[in-house]
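The structure follows.
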Amino acid sequence: MTLIASLTGCSAAPPAPTLMPAPTPALKLSNPHASREAGKVFDYLVDGIGKRTLTGQQESTWASGGARHELDFILDKTGKQPAILGLDYIDPKDYDALNVRAEKWYKEEGGIVTICWHWGAPDIGTGYKNSQKYFDVDAALRDGTPQNMAMMRDLDIIAGKLAVLRDKGVPVLWRPFHEFSGTWFWWGKSGPDNFKKLWIKMHDYYTVTKGLNNLVWVLGYTGEPDAKFYPGDAYVDVAGADTYVKDHGSLKPLYERMVAIVGPKRPIALHENGPIPDPALVARDGANWAYFMTWHTDFVTDGKSNSVDDLKRAYGHPRYITKDRLPDWSADK
């Protein structure tokens with residue numbers, strides 16, 4: 001009892017309770033109705049920030065009927081397979097076969113699927129070359145114009161393909177409009193304001209109207225991230241950048257530029273790369289890439305961008321998660 005308390009006949013006041021900081025809400029998917037499968041993949045990426053980086057490989061099997069050139073090469077040289085398989089809606093003749101490969105990779109092999117779309121200018125036609133042609137985005141964003149009708153037709157075609165994967169329970173790291181901060185694809189030629197309108201248009205149409213609840217929305221910058229192109233947290237789940245530098249450094253400056261735009265708590269991916277960043281440097285520098293995605297063909301097989309020793313170092317390092325180390329997606333938790 002203190003002197004003051006003894007003089008007044010009262011006991012000392014109890015100490016004030018220690019106030020605990022409010023817990024930080026878990027990062028949620030931009031689609032509140034996202035599927036359980038999409039949520040599990042996203043939560044795994046969020047939980048791994050700063051602890052692990054998933055290996056990824058883009059394929060070149062567009063219409064060959066099932067050959068797995070890059071995957072077989074990596075397996076032969078390392079005994080491992082990437083955690084993430086990159087696919088591309090680039091050739092309409094391959095759309096259905098792509099979906100078969102995606103379903104097999106996730107449901108039978110336990111891997112994660114990411115899909116991009118080299119979207120040919122809607123009023124010209126499909127294919128890589130046409131994705132670099134001019135398309136009047138201003139007109140396309142006005143209902144009822146010829147450009148708008150062409151754009152909506154293409155959106156419906158790809159929505160139908162993604163719906164097949166949805167109905168089969170396959171989540172997709174969906175990366176549309178990639179490299180939008182450059183000017184080589186039509187969706188980047190019209191500048192940041194129109195790009196943001198395009199992104200939000202697709203996001204709302206696919207999630208609300210089409211019910212594509214299996215998508216995790218991946219925003220893929222070039223190696224020159226620019227905040228003016230960011231459509232907002234309500235429309236983005238994973239953000240990233242790509243670069244084809246010649247060395248195997250950690251790319252920490254590029255990672256920090258992405259953090260400056262989206263913050264450190266959102267998964268940030270190196271969604272296209274040539275040389276694979278050295279995992280020891282990534283860990284040392286705190287370049288907390290959620291995953292990398294090595295581009296196809298020569299970037300993995302010619303021995304120049306990535307030697308066999310580079311592949312072995314990456315696929316054998318504990319920081320880098322290969323397919324065999326992924327969780328069982330069919331488990332309840």
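Predicted, not measured: the structure shown is a model, and the values here were computed from it.
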Would you kindly say whether N273 and D242 are connected by a side-chain donor-acceptor distance under 3.5 Å?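 No, no side-chain donor-acceptor contact under 3.5 Å.
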
Residue from Y235, W199, F42 passing ring pair (Phe, Tyr, Trp, His ring centres under 6.0 Å) with W217: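 Among the candidates, only W199 passes.
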
Enumerate the residue pairs fulfilling ring-ring contact (aromatic ring centres under 6.0 Å, His included) with a member in residues 142-167, sequence neighbours excluded, ordered by first and then second residue.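 Every candidate ring-ring contact (aromatic ring centres under 6.0 Å, His included) pair involving residues 142-167 fails, so no pair, neighbours aside, qualifies.
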
Which heavy atom of S330 sits nearest a heavy atom of R36, and at what distance?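 Reported closest heavy-atom pair: O-NH2, 4.5 Å.
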
Pair W329-E37, side chain to side chain donor-acceptor pair (under 3.5 Å): steps then yes or no: CA-CA 7 Å; W329 304 116; E37 293 84 2; over 6 Å; no

In sequence, state the C-alpha distance, the side-chain angles, and the governing distance for V170 and N214, and then conclude on side chain to side chain contact (heavy atoms under 4.5 Å, CB included). CA-CA 7 Å; V170 178; N214 57 324; 5.5 Å; no

Go through the steps for F185 and H118 under the test ring-ring contact (aromatic ring centres under 6.0 Å, His included), then give the verdict. CA-CA 9 Å; F185 294 127; H118 277 95; 5.5 Å; yes

Dump the intermediate steps for side chain to side chain contact (heavy atoms under 4.5 Å, CB included) on W119 and F135, then the final yes or no. CA-CA 11 Å; W119 185 358; F135 179 60; over 6 Å; no

Do V238 and V259 land in one hydrophobic cluster if side-chain heavy atoms of ILVMFWY residues count as linked below 4.5 Å?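 Shared cluster, yes.
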
Using a 4.5 Å cut-off on heavy atoms from C-beta on, say whether the side chain of L198 contacts that of V137.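 Answer yes - side chains close enough.
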
Set of residues satisfying side chain to side chain donor-acceptor pair (under 3.5 Å) with respect to K161, sequence neighbours excluded: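 Per chain and number, K161 pairs via side chain to side chain donor-acceptor pair (under 3.5 Å) with D96.
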
Do the side chains of K304 and D302 get close enough for a salt bridge, i.e. N-O under 4.0 angstrom?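 D302 and K304: not salt-bridged.
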
Report yes if some heavy atom in the side chain of I84 is under 4.5 Å from a heavy atom in the side chain of M293; otherwise report no.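 They are in contact (side-chain heavy atoms under 4.5 Å apart), so the answer is yes.
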
First locate atom NE2 of H271, then atom OH of Y221, and finally report the distance between them rounded to the nearest 0.5 Å.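 These two atoms lie 10.0 Å from each other.
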
Sequence neighbours left out, what passes side chain to side chain donor-acceptor pair (under 3.5 Å) with T145? Give chain and number order.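 Checked T145 against side chain to side chain donor-acceptor pair (under 3.5 Å); zero matches.
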
What about M202 and Y95, same hydrophobic cluster or not, with Ile/Leu/Val/Met/Phe/Trp/Tyr joined at side-chain heavy-atom distances under 4.5 Å?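 Hydrophobic grouping puts M202 with Y95.
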
Determine the minimum heavy-atom distance between L27 and K265, stating which atoms define it.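 Scanning both residues completely, I find the closest heavy atoms to be CD2-O, 3.5 Å.
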
Of all the heavy-atom pairs spanning G223 and R257, show the shortest one and how long it is.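 That would be O-NH1, 4.0 Å.
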
Does any N or O in the side chain of N130 come within less than 3.5 Å of the main-chain N or O of G120, such that one atom is a donor and the other an acceptor?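 Judged by distance alone, no pair lies under 3.5 Å.
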
Decide whether D237 and S30 meet the rule of one side-chain donor and one side-chain acceptor closer than 3.5 Å.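 There is such a pair (donor and acceptor under 3.5 Å, judged by atom type) between the side chains of D237 and S30.
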
Atom of R166, atom of N213 and distance for their closest heavy-atom approach: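 Heavy atoms only, the tightest pair is CD-N, 4.3 Å.
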
Looking only at heavy atoms, what is the nearest atom pair of T114 and L173, with distance?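 Residues T114 and L173, closest heavy atoms: OG1-O, 2.8 Å.
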
Going hydrophobic residue to hydrophobic residue with side-chain gaps under 4.5 angstrom, can you get from I115 over to Y205?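 Result: yes, single cluster for both.
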
Indicate whether any N or O donor in one side chain lies under 3.5 Å from an N or O acceptor in the other, for E70 and T297.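 Absent: no donor and acceptor within the cut-off.
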
Without hydrogens or angle criteria, can the side chains of D88 and Y128 be said to hold a donor-acceptor pair below 3.5 Å?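 D88 vs Y128: no donor-acceptor pair found between side chains.
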
Under a 3.5 Å distance rule, please check whether K196 uses its side chain to pair with a backbone N or O of K228 as donor and acceptor.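 Between the backbone of K228 and the side chain of K196 there is a qualifying donor-acceptor contact (under 3.5 Å).
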
Is there a donor-acceptor pair under 3.5 Å between the side chain of K246 and the backbone N or O of S305?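 A pair under 3.5 Å: no.
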
With side chains defined as the heavy atoms from C-beta onward, is the minimum distance between L85 and Q57 less than 4.5 Å?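 L85 does not reach Q57 side chain to side chain.
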
Would you please name every residue forming a side chain to side chain donor-acceptor pair (under 3.5 Å) with Y89, sequence neighbours left out?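 Counting only residues at least two positions away or on another chain, Y89 forms a side chain to side chain donor-acceptor pair (under 3.5 Å) with N99.
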
Side chain to side chain contact (heavy atoms under 4.5 Å, CB included) evaluation trace for N194 with L141: CA-CA 9 Å; N194 273 338; L141 291 168; 3.6 Å; yes

May I ask whether M151 and I200 are part of the same hydrophobic cluster, defined by side-chain heavy atoms of I, L, V, M, F, W, Y residues being less than 4.5 angstrom apart, directly or through others?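 Yes, because M151 and I200 connect within a single hydrophobic cluster, where side-chain heavy atoms sit under 4.5 Å apart.
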
Closest non-hydrogen atom pair, E103 against K168: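 It is OE1-CD, 3.1 Å.
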
Under the 4.5 Å side-chain heavy-atom rule for ILVMFWY, direct or indirect, which residues accompany Y244?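 Via sub-4.5 Å side-chain contacts, Y244 links to W295, F299.
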
Please state whether the rings of F229 and F180 are parallel, tilted or perpendicular, taking 30° and 60° as the class boundaries.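 Because their plane-to-plane angle lies in the 30° to 60° range, the rings of F229 and F180 count as tilted.
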
Test your reading of the model: is there a side-chain donor-acceptor pair from N306 to the backbone of G274, 3.5 Å cut-off?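 Side chain of N306 to backbone of G274: a pair is present.
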
Any link between I157 and L215 through a network of hydrophobic side chains (Ile, Leu, Val, Met, Phe, Trp, Tyr) touching at under 4.5 Å?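 Same cluster.
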
Option from L251, V282, L270 for which side-chain contact (heavy atoms from CB on, under 4.5 Å) with F292 holds: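 In the set L251, V282, L270, the residue that makes a side-chain contact (heavy atoms from CB on, under 4.5 Å) with F292 is L270.
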
State whether a side-chain donor-acceptor pair under 3.5 Å links Q81 with R68.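 R68 and Q81 do have a side-chain donor-acceptor pair below 3.5 Å.
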
So, for Y134 and W186, is the gap between ring centers shorter than 6.0 Å?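 Not close enough - the centres of the two rings lie 6.0 Å or further apart.
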
Sidechain-backbone polar pair: R52 side chain, Y291 backbone, donor-acceptor under 3.5 Å: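 No; judged by distance alone, with no hydrogens or angles, the pair does not exist.
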
Which is it for Y44 and L326 under the side chain to side chain contact (heavy atoms under 4.5 Å, CB included) test, yes or no, and what are the steps along the way? CA-CA 9 Å; Y44 182 71; L326 288 172; 3.8 Å; yes

What residues, two or more places apart in sequence or in another chain, satisfy side chain to side chain donor-acceptor pair (under 3.5 Å) together with D310?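 In terms of side chain to side chain donor-acceptor pair (under 3.5 Å), with neighbours along the sequence ignored, D310 is linked to H248, S307, R313.
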
Within a strict 4.5 Å, meaning less than it, do heavy atoms of the P82 and L71 side chains meet?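 Side-chain contact under 4.5 Å: yes.
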
So, is the end of the K323 side chain (NZ or CZ) under 6.0 Å from the ring centre of W105 and within 45° of the ring's axis?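 Judged by the rule, K323 and W105 form a cation-pi pair.
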
Would you say R266's side chain and V236's backbone share a donor-acceptor pair under 3.5 angstrom?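 Yes, because the side chain of R266 sits within donor-acceptor range (under 3.5 Å) of the backbone of V236.
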
Donor-acceptor pair, side chain of K77 and main chain of V308, under 3.5 angstrom: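 No; judged by distance alone, with no hydrogens or angles, the pair does not exist.
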
Is there a donor-acceptor contact under 3.5 Å from the side chain of T55 to the main chain of A83?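 At least one qualifying donor-acceptor pair exists.
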
As an exercise, state the distance from OH of Y315 to CG of L75, rounded to the nearest 0.5 Å.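 It comes to 10.5 Å.
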
Report yes or no: does T222 contribute a side-chain atom to a donor-acceptor pair with the main-chain N or O of G182 at less than 3.5 Å?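 Absent.
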
Donor-acceptor contact below 3.5 Å, side chain R325 vs main chain Y320: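 Judged by distance alone, yes, a pair lies under 3.5 Å.
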
Strictly below 4.0 Å, N to O, side chains only: are R101 and E109 in salt-bridge contact?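 E109 and R101: not salt-bridged.
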
Under 3.5 Å side-chain donor-acceptor pair for D285 and S250: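 S250 and D285 do have a side-chain donor-acceptor pair below 3.5 Å.
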
State, yes or no, whether a side-chain contact exists between W289 and I268 at a heavy-atom distance under 4.5 Å.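 Yes, their side chains come closer than 4.5 Å.
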
